[in-house]
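First comes the structure, then the notes that go with it.
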Number of protein chains: 2
Amino acid sequence: MIHKYVYFFGAGQTEGKAEMRELLGGKGANLAEMANLGINVPPGFTITTEACTYYFQKKQKLPPSLWNEVLDNLKTLEQVMGKQFGGTEEPLLVSVRSGSRASMPGMMDTVLNLGLNPDTLTALAGKTGNGRFAYDCYRRFIAMFGNVVLGIGSEHFEQILHQKKAKQKVEFDTELGVGDLKVVIKDFKALVKRKTGNPFPDKPIDQLRMAVEAVFNSWNTDRAVTYRRLNRIPDDWGTAVNVQAMVFGNMGPSSATGVAFTRNPATGDKEFYGEYMINAQGEDVVAGIRTPNPIAQLEKDMPEVFETLTSVYKTLENHYKDLQDIEFTVQENQLYMLQTRAGKRTAAAAIKVAVDMVNEGLISKQEAIQRVPATQVDQIFHPMVDPTAKVEVLGKGLGASPGAATGKVVFTPEQAMEMSKKKERVILVRTETSPEDIHGMSVAQGILTAKGGMTSHAAVVARAMGKPCVSGLGDLQVEPRKKRASLNGVVLKEFDSITLDGSTGKVMRGQVPLTKPRVTSYFRQLMSWADKMRVLNVRANADTPHDASVAREFGAQGIGLCRTEHMFFDEERILLVRKMIVSDKAKVREEAIKKLLPIQRTDFTHIFKVMNGLPVTIRLLDPPLHEFLPGAPEEIKVLAKQMRIPATRLAKQIESMKEQNPMLGLRGCRLGIVFPDIYEMQVRAIIEAAVKLVKKGNKVLPEIMIPLVSHVNEFRLVRERIDTVAKDVIDKAGVKVDYKVGTMIELPRAAVTAGEIAQEADFFSFGTNDLTQTTLGLSRDDAGTFLSHYLEIGVLSEDPFVSVDQNGVGALVAMAIEKGRAANKKLHLGVCGEHGGDPASIEFFHSLGLDYVSCSPFRVPTALLSAAQAAVRTPLP
Amino acid sequence: MIHKYVYFFGAGQTEGKAEMRELLGGKGANLAEMANLGINVPPGFTITTEACTYYFQKKQKLPPSLWNEVLDNLKTLEQVMGKQFGGTEEPLLVSVRSGSRASMPGMMDTVLNLGLNPDTLTALAGKTGNGRFAYDCYRRFIAMFGNVVLGIGSEHFEQILHQKKAKQKVEFDTELGVGDLKVVIKDFKALVKRKTGNPFPDKPIDQLRMAVEAVFNSWNTDRAVTYRRLNRIPDDWGTAVNVQAMVFGNMGPSSATGVAFTRNPATGDKEFYGEYMINAQGEDVVAGIRTPNPIAQLEKDMPEVFETLTSVYKTLENHYKDLQDIEFTVQENQLYMLQTRAGKRTAAAAIKVAVDMVNEGLISKQEAIQRVPATQVDQIFHPMVDPTAKVEVLGKGLGASPGAATGKVVFTPEQAMEMSKKKERVILVRTETSPEDIHGMSVAQGILTAKGGMTSHAAVVARAMGKPCVSGLGDLQVEPRKKRASLNGVVLKEFDSITLDGSTGKVMRGQVPLTKPRVTSYFRQLMSWADKMRVLNVRANADTPHDASVAREFGAQGIGLCRTEHMFFDEERILLVRKMIVSDKAKVREEAIKKLLPIQRTDFTHIFKVMNGLPVTIRLLDPPLHEFLPGAPEEIKVLAKQMRIPATRLAKQIESMKEQNPMLGLRGCRLGIVFPDIYEMQVRAIIEAAVKLVKKGNKVLPEIMIPLVSHVNEFRLVRERIDTVAKDVIDKAGVKVDYKVGTMIELPRAAVTAGEIAQEADFFSFGTNDLTQTTLGLSRDDAGTFLSHYLEIGVLSEDPFVSVDQNGVGALVAMAIEKGRAANKKLHLGVCGEHGGDPASIEFFHSLGLDYVSCSPFRVPTALLSAAQAAVRTPLP
């Protein structure tokens, strides 16, 4: 039997369904599903993703049987449409669109009106009696085909069109007449000949084959590869191709094209939401070439169409039980649905829609939990413009993606990348954005465009990225080459500061102070469900009382990592710390340590107070000592003066303390073992603070963590010293303090010998950042030189510092858990690396049966939700 | 039943035997064994090592039942000797000596003549009719007890004695009369009172108890701990205490004391070898205070004693089937044996004795293999003075430990340590050495002493360490405080260069050229037996044709690691390498690489030629690129001129390439992936060299090794490129080259994911140096600051860079072997880290079932022998 590569849809002959998304791609599967639901879909057929996979496996050759199957389906399509592909009576035109498993907006390419040539053009014009329409179709087709299939930059076509409009002194394409379009088409064809050396292909069947291959090839363009990498889509999924009978939104005032969402994708409000354009083809709306009308206006413009559309969207939402993003075309008052898919939405909208749908009885609480991408949750904590701040509003566009952002103006994605490398915050300002801009958008704080609506490329992508965006600000003129823009008479030069409010659409001069948003009752509702489903607990990494209280507010169940060294960098203290480290005189060291004791005690007292009743894991001093050393000659002078030694001698001493590989040098418990008084001071401060609060009736649960243990003897020795100091303080105070002593598992040796260490330790906390560094032999500080290259060429599919390397680091974590639990059944296990805030890593840690993850305070909600999602997806035995 | 802590020996009532060494210590077990053999041993009893262990476990308390047992045994001893401990008729005097399981020469302390006080002294003098003898015993006892038990520096006693001798204008102790000794004793007692605040203890039973505890305590002195660490003796073994009736070598001209070896411990020749001193006590010989007579002279001095001694040593050697180191005392022509033990010997002697004993039918070949400490084998390859060199001999002492050494003179162990940190080669010059000097001796190239014989501390320790030593050079006057010495009118100042010949005893001025020694037929014989027993193969790490030929000569079965980067440091090439690295112009890079290709090809051609028929593993470029960069401003200038760019620009470029943690940065295959042309050039050079030699009929077995792989994708990518280049060269040449491609397993992730990598690789070579660095998170360059501290306080018992960390790194190696073999049955497995030359590590690698180890050429014999020993000790299933 010959393998089936093509599936028909529409006209009562649909072969596919929604469940066949892997084979037919999202678009193809949903077109089939809509047809099955009785919704009016222009018929067509889908070439499967398997054909694409075959195509790339066989070095860009189509499956031998494919083309006959395409011809058969084309024949069916001709029959059901009553038209002929390439025919001069009733010419059949088709669209050719990509459609992969995962939605990839703007990434893949589309050709409309395929099948046109001078002959079919004449037929189309004759048959429809609308010459302007036919020529409009033809010029669009040539430009799209020229760009997508033949690889000619779209700006060349646009320039020709622009010149024509300028010459005719009109603003919009729709104002050009047949004569104008004929000249444009002539110029387009000449351009194609000049650029490719060949005339524009006239045979419709050749056009089709070229277009199908071009769709396949577009799977591997740089921008598609980049998008997949950013969105973690495997390269070998491939794309399907949808060939569909054309319907036309550009047949005059009774025709239109539009996109809509079944609920508001920005807020989640239950309202029909979208835009349309009269006398236009689909790409016009998405590309933001003209600013479209809000969907509400359709009720007045085409009341019957609006009614049908309303009924369709209700059908779709009830069927898919999710917010749908739909595309439609009205051809002479007849409504056709071209696409439906789960709509991208802001985190706030995702939360509200999920909660509402549970209340509407559409989905379960478990489903609701899965509906909110955990990575996006922190969007709702995005900064907003401080309502009390004085602002100078320069202009107002569409509030296309919520949240406020402030930064320096840049006009190109390249400049955005450059500045971001320098850790500068930038706002990307463009006339409109295109997929080529994705890199720049991903590093910008916010995006501002002059053209395009709520569903323009800029708006859709910004929402997906959780970045503030103001779009469609018509008063803005952008001149990238001159590195300037003007907005209502104000000139914005490169690097000028501006502030965007993506909720209101306001653009403000300078850096406006921002405030944090409040959480909504919907969020609280969702999180309360999540809390009941979670198995994994979530703690926060917090070094200050302020961080601790933020963490607690966000639902953290304790502090998983309090880095005491961060307390040492304070300006007042650093001098004491430096004395402690540098001096070779015991007395000077002792004095410095004595002065640090009450300071540290106060630190811990405040943190314990905030975390009353919850555990606080405090890591003893960890980093290489020389991190604390003065580097600049001025700093050395100051310290030398304080220490009353010559600056030259101090400089030499500091030089001698430098290490080749500080990450593998004198740090962590090695410090504590070589300089016991530092740890003893820290432990004393911790226990004294605890004792003080216990006396006041607080519940204090200190967990003292020994860093960088590689050998059980290190742990044993330091624990002995900790217990001695703790006993001394506790005995003197005469109160009970329930403290624990554990270790970071952050070296491969600690993981491998976890069984030995577990016998002595109360808890393990996996320091997956450092464990990644040593397991992979990869310095976080130095990996830049090759890690990005590795990701680009696919040697690694993930940055291992962002998402935990499950096969390598993860295997060591799993081994340590197994050995640790076997040796000590009471052993408490957590993760305190950055991975604690990454959903994929959280799911992995959940599956390993850890007790908690700990992450930065703002990631706590993400982690809480991820933990719940993991629990639903992967129930533990 | 009460636990038995004391075992009697001698006088027909012996309770112990040789097999009870763990309980009775080496000395106690052998005393019992000699008694069992009918040899004349002064009777006594042994307090077990269990008592010592108990003592330290219970915070320095003796077992409650112990003292009664001691008193019972003392009573028995009094009975068999017909004397009374503390008695004033026939006073029984005893020696108290330590004796641990392993021989620890000079490490533990001894008290002789215990039981003396003014009353017993009088009795002894009366009974023996030898007042001088009695007072000599007493002054020795006070000094020893004062030093060992009461902790008073021995120099204080010596000073008093020295002053007395000076006053009386005599050279030797023996020349002092009773009157002199009485004054000395009075001064000794005053010294004790002054130093301790208490009078010298007079009650013999108190003396005994204090001495026993002192022996126990001496187990934990710094020097004992250091010795154990150096010799890998566990701290919890403990020492036994031997209490033995005194016999006296200092009763006049018919008395003597001596030490001897049953064969020559320097050469292994089958000759009775040793020294003795008339009218002396044992410590005099070992301490090197007077220069003793060679044993041959005893035949003339005391013919009957000599005959008995000869028969005893034959008995002992036949019984123990090993070279014995014996101590004896002659008391008024009566021979007593005080000790026998396996004698320390040079490697050459160990080899000869082992081979001879096989030929004599005393031991098996397997036993012979075990008799030669593998770590000492390289001694026989020690440098010797070049016989053709012109030398200026400054003096001649005893050739106490073979081999020649050259270095700068230092006069204190501290100075030796200091210089060795600066990588300076030093000769430690001392009047005589003591256990306090061990640190300094261990870092010196050789040792020169003015006093002491072939069995002096310096000689024994130097032989054990395999270091050249000239001892007993009477013409040498050493003045450490003035940092100078004089030798036959020549002044040697600190840091002057000298050369020692430890075989001939010659001391030469300046740095004399040295040559390597030849291997003996005994060595060849032993190694041929080892070769038949070995399972593990041994290769060498060699980067040059010269190293390769040395390795092959020593029996290496291939090259396990050829580090190509070492080839790049050559002065002529480094400029090309630097250009290749620094230039951002493709053309400059390509040119440099083009010029390097023929150079590398020549390197490989030579190495392949030398290793004809044997495999050669070549590691592609590994180290961080900036290791090749010029650092000094002068070097930068030269390179900048060559590259025709401003020096300031070049300096900036170099600065920007510096890494925080180069060990974890851009190196290994990361380099090869980011800069593919470097690896491609290297592979081309390898395969072109191979092709050339294959055409000439050579057998070339190149194994191309990809360094620092952490992910299978890295391996896959680089291997693909290697195979492409290799195919190109081989296809063009039209000959077959049987090359392999494998990887270093030197990152924990590679070990953890070895199953994936093994599917793509032909071989694994464990780079245990780097694997240790990352598994323990320990930079070899930076560990100095705390690793020595760790070893001192016992956090680590071994330097993990010297002997592989079996629990940690070893567990990863074992895991990788298991996963690797499971995934690829043909996978070839080796080790190329420094551990490949360490016997303990080799035994471990053998037990894991590796195919080979690879080590530096001079370690090859050690590794070959270790591999055989491991195979005998741990037969593989």
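This is a predicted model, so every value here is computed, not measured. Here is how names work: the chains are called A, B, and so on, in the same order as the sequence lines, proteins then strands, and each is numbered from 1.
With chain A as partner, the option from Glu746(B), Gln660(B), Glu714(B) having the largest number of non-hydrogen pairs under 4.5 angstrom is Gln660(B). Considering only heavy-atom pairs separated by less than 4.5 Å from chain A, the leading option among Leu778(B), Val752(B), Leu708(B), Thr753(B) is Leu778(B). Listed options Leu747(A), Val809(A), Asp770(A) were ranked by heavy-atom pairs under 4.5 angstrom with chain B; first place goes to Leu747(A). No other option in Arg670(B), Met663(B), Glu659(B), Met815(B) has as many heavy-atom pairs under 4.5 Å with chain A as Arg670(B).
Contacts between Ile673(A) and chain B at a heavy-atom distance below 4.5 Å involve backbone atoms as well as side-chain atoms. Interface residue Thr774(A): backbone and side-chain heavy atoms are both found under 4.5 Å from chain B. Looking at Thr775(B), the atoms closer than 4.5 Å to chain A (heavy atoms on both sides) sit in the backbone and in the side chain alike. Looking at Asp805(B), the atoms closer than 4.5 Å to chain A (heavy atoms on both sides) all sit in the side chain, from C-beta outward. Of the two parts of Met657(B), neither the backbone nor the side chain holds a non-hydrogen atom closer than 4.5 Å to a non-hydrogen atom of chain A. For a residue to count as touching a neighbouring chain, one of its non-hydrogen atoms must lie under 4.5 Å from one of that chain's; by this rule Ile793(A) touches chain B with the side chain only. If you measure heavy-atom distances from Leu717(B) to chain A, the contacts under 4.5 Å come from the side chain alone. For Glu756(A), the part lying near chain B is the side chain, with the backbone staying farther off; criterion is any non-hydrogen pair under 4.5 Å.
Judged purely by distance below 3.5 Å, without hydrogens or angles, the side chains of Asp838(B) and Ser803(B) pair a donor atom with an acceptor atom.
One finds a salt bridge joining Asp622(B) and Arg667(B) here, because a Lys/Arg side-chain nitrogen approaches an Asp/Glu carboxylate oxygen to under 4.0 Å.
For the residue pair Tyr679(B) and Leu621(B), the shortest heavy atom distance occurs at OH-O, 2.8 Å. The minimum heavy-atom distance between Trp237(B) and Ile233(B), with the atom names listed, is CE3-CG2, 3.6 Å.
Of the possible donor and acceptor atoms, none in the side chain of Asn661(B) sits under 3.5 Å from a partner among the backbone N and O of Ser779(A). With hydrogens and angles ignored, the 3.5 Å screen pairs no side-chain donor or acceptor of Thr743(B) with any backbone N or O of Phe764(B).
How far SG of Cys669(A) is from CG of Leu620(A): 10.0 Å, rounded to the nearest 0.5 Å.
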message: salt bridge (Lys or Arg N to Asp or Glu O under 4.0 Å), that's the test. Do Arg589(A) and Asp677(A) meet it? Break it down for me.
response: CA-CA 9 Å; Arg589(A) 292 169 47 84; Asp677(A) 36 4; 3.1 Å; yes
